[in-house]
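What follows is a short report on a single structure.
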Amino acid sequence: MAPRKSRASSRNPELIRGIGKYSRSKMYHKRGLWAIKAKHGGVFPRHEPKEVPPKPAEKPPKYYPADDVKHPIPNHRKHKPTKLRASITPGTVLILLAGRFMGKRVVFLKQLPSGLLLVTGPFKINGVPLRRVNQAYVIATSTKVDISAVSAEKFDDKYFTKEKKKKKNKGESEFFETEKETKALPQEKKDDQKAVDTSLIKVIEAVPDLKAYLGARFSLRAGMKPHELVF
Amino acid sequence: MPFKRYVEIGRVALVNYGKDYGTLVVIVDVVDQNRALVDAPDMVRGQMNFKRLSLTDIKIDIPRLPKKKSLIAAMEAADVKNKWENSSWGRKLIVQKRRAALNDFDRFKVMLARIKRGGAIQQELAKLKKQDASRGLMS
């Protein structure tokens, strides 16, 4: 067929919503339906229906519920990761505002698919390991570290989920003994931390005072007004 | 304590309120008891209440209502910019602006520098004290 020019507008201008300018017979002529008929010997072209494989015979169900069963409406919505603030780019130094490491200055690596930020101390400098952090509990400073030597590709949310504890049925005597299974950090995670940190530390040591900066905690002093501070 | 800085044509003033806060302007005419016509090289000439102006020591030599070009020439001739930046008031403002623009990392570096300076001062002081003590014993 000749390449079709897609026609966006209809050939029948609208006088008022629901009423077109041209009658049905006029539109028949305008659309050229007479030409299509003429091409196909006086009738509209008919296409045979596509071959459908015959459906297997369905058995009638054994059980019909007495009342109507309500089916939940299917929900196919997928969450997008939280919108990342423009001030947070890979390599930005962030200040953590809550949690065990509050006040620590930390290097941002990437945003995980759940929306949380992947962050590392580096561990040797301030004790913050590879960790997930929520964007809302973070101040982004304008200090950036060059992160091109670090590959954070292999980390995602599954890496950080806690392993499920197996439930043990406690006997009477065991109720009074609190079992503490202190799990040591697996060597694989320690190696991952080292792999990320060694190249990062080299870059950090190249900038004067940056190592001490990352090792110190942030705090407000007298006279500091957070809404007037430039971070 | 008589007045030393007068509102007169050619008086340079600092705007202390409003959209043009912090800019230096020249009083070019007086409208009435409360308002002056005010002009600056990068500003449209307009009226301003005296309450918005803080007078400075600097005065330039201009006729009433000069053209923009001659105003700029007169400001260059009197070297208003350098006089302002070297005056103690002007220097204080520059320091304030610089401190307000400090980054978190910059503030950290400033803190390290102050500690270092304090340490150096204490060392010198200790030396002088020791000299004084040893001299005191002799005399």
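So that the names make sense, note that chain A is the first sequence line, chain B the second, and so on, each numbered from 1. Values below: all heavy atoms of this structure, side chains included; hydrogens, waters and symmetry mates excluded.
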**Request:** Look up atom CG in L229(A) and atom CG in L102(B), then write down how far apart they are to the nearest 0.5 Å.
**Result:**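 Reported to 0.5 Å precision, the distance equals 10.0 Å.
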
**Request:** Drop me the distance from Y213(A)'s OH to M111(B)'s CE, to the nearest 0.5 angstrom.
**Result:**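 With rounding to 0.5 Å, OH (Y213(A)) is 10.5 Å from CE (M111(B)).
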
**For the student: nearest non-hydrogen atoms of R105(A) and F108(B), plus distance** =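 Nearest heavy atoms, R105(A) then F108(B): NH1-CD1, 4.2 Å.
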
**Request:** Measure across F105(B) and D209(A) and return the closest heavy-atom pair with its distance rounded to 0.1 Å.
**Result:**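 In terms of heavy atoms, the two residues are closest at CE1-O, 3.8 Å.
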
**Item:** For chain B, the option from T141(A), V93(A), L210(A) that forms the most heavy-atom pairs under 4.5 Å
**Value:**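 Going by pairs under 4.5 Å, I would pick L210(A).
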
So with a 6.0 Å cut-off around [atom1] of [X], is the heavy-atom count from everything else above 12?
X       : atom1 : answer
K110(A) : NZ    : yes
K211(A) : NZ    : no
K26(A)  : NZ    : no
K144(A) : NZ    : yes
K189(A) : NZ    : yes
K154(A) : NZ    : yes
Y137(A) : OH    : no

**Request:** Answer with side chain, backbone, both or neither: which region of I139(A) has an atom nearer than 4.5 Å to a non-hydrogen atom of chain B?
**Result:**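 No part of I139(A) comes within 4.5 Å of chain B.
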
**Request:** Name the region of A212(A), side chain, backbone, both or neither, that has any atom closer than 4.5 Å to a heavy atom of chain B.
**Result:**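 Backbone plus side chain of A212(A), per the 4.5 Å heavy-atom cut-off to chain B.
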
**Asked** Is the closest side-chain heavy-atom distance between D104(B) and I95(A) below 4.5 Å?
**Response**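 When only atoms from C-beta onward are counted, I95(A) and D104(B) do touch, with a gap below 4.5 Å.
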
**Prompt:** For S142(A) and N103(B), does a side-chain donor sit closer than 3.5 Å to a side-chain acceptor?
**Reply:**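 The answer is yes; a qualifying pair exists.
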
**Message:** Under 4.5 Å from any heavy atom of chain A, what part of L112(B) do you find: side chain, backbone, both or neither?
**Reply:**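 For L112(B), the side chain is the part near chain A, not the backbone.
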
